[in-house]
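To keep things clear, I will list the structure first and then write my remarks on it.
The figures that follow rest on heavy atoms only: side chains count, while hydrogens, waters and symmetry mates do not.
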Amino acid sequence: MLLYPVDDIKTTKLSATKAVVAASPEVAALQRTGRHGIAITAGESTVYIGGKDVTAATGMAVPAGTTTILPVTTTSVDNLYVIGGDCVLTEFF
């Protein structure tokens, strides 16, 4: 569920074999701002989301082939990480 209207959407394929920030390169580099939600779609394996030290044991599971949608703060891009394999990020602006 999104709390704000969606003006734009950006999708990015992300390889998360180690903990990586859940953001497109443009958002991570602060070249694009205003993101207020993110959907994480796991590829062929379960991925896990959490803080910068996320692991399969400590993260929230997103089972293979499913999507989880989360609200995010518009001022911070490095507070959500993903690990576990390939996934698609859909960022809502």
Residue pair I9, T90: steps toward the side chain to side chain contact (heavy atoms under 4.5 Å, CB included) verdict: CA-CA 7 Å; I9 297 173; T90 305; 3.4 Å; yes
Full working for side chain to side chain contact (heavy atoms under 4.5 Å, CB included) between V77 and L30: CA-CA 8 Å; V77 299; L30 303 177; 4.2 Å; yes
Stepwise side chain to side chain contact (heavy atoms under 4.5 Å, CB included) test for T58 and D53: CA-CA 9 Å; T58 62; D53 57 352; 5.6 Å; no
CA sep, side-chain torsions, deciding dist, call: V20, V82, side chain to side chain contact (heavy atoms under 4.5 Å, CB included): CA-CA 6 Å; V20 294; V82 64; 4.0 Å; yes
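Side-chain N or O atoms of H36 include none that pairs as donor or acceptor with a backbone N or O of V6 at under 3.5 Å. Judged by distance alone, with hydrogens and angles left aside, the side-chain atoms of S24 form no donor-acceptor pair with the main-chain N or O of T11 at under 3.5 Å. Side-chain atoms of S76 never come within 3.5 Å of backbone atoms of T73 as a donor-acceptor pair (strictly under, hydrogens ignored).
Scored by the salt bridge (charged side-chain N to carboxylate O under 4.0 Å, His left out) test, K10 finds E26 as partners (sequence neighbours excluded).
The CD1 atom of I38 lies 8.5 Å from the CZ atom of F93; values are rounded to the nearest 0.5 Å. Expressed to the nearest 0.5 Å, how far CG of L89 lies from OG1 of T67 amounts to 11.0 Å. One finds the CZ atom of F92 at 10.5 Å from the CG atom of L70 (value rounded to the nearest 0.5 Å).
Taking every heavy atom of both residues into account, P63 and T46 meet most closely at CA-OG1, 3.6 Å. Contact between S45 and G84 at its shortest, heavy atoms only, is OG-O, 3.1 Å. Counting all heavy atoms, side chain and backbone alike, A64 lies closest to A42 at CA-CB, 3.9 Å. Across all their heavy atoms, Y81 and A19 have their closest contact at CD2-C, 4.2 Å.
Residues V54 and I49 fail the side-chain proximity criterion, which asks for heavy atoms closer than 4.5 Å. Here the side chains of I40 and V47 are in contact, with some heavy-atom distance below 4.5 Å. Taking 4.5 Å as the limit, every side-chain heavy atom of C87 sits out of range of all side-chain heavy atoms of T41.
Within the structure, the salt bridge (Lys or Arg N to Asp or Glu O under 4.0 Å) test picks out the following pairs touching residues 77-93 (sequence neighbours left out): R35-E91.
In terms of hydrophobic clustering, with Ile, Leu, Val, Met, Phe, Trp and Tyr side chains grouped at heavy-atom distances under 4.5 Å, V62 and V72 are assigned to a common cluster. Hydrophobic clustering of Ile, Leu, Val, Met, Phe, Trp and Tyr side chains at less than 4.5 Å, counting indirect connections, unites M60 with L80.
More than 12 heavy atoms of other residues, nucleotides or ligands sit less than 6.0 Å from atom CD of Q31.
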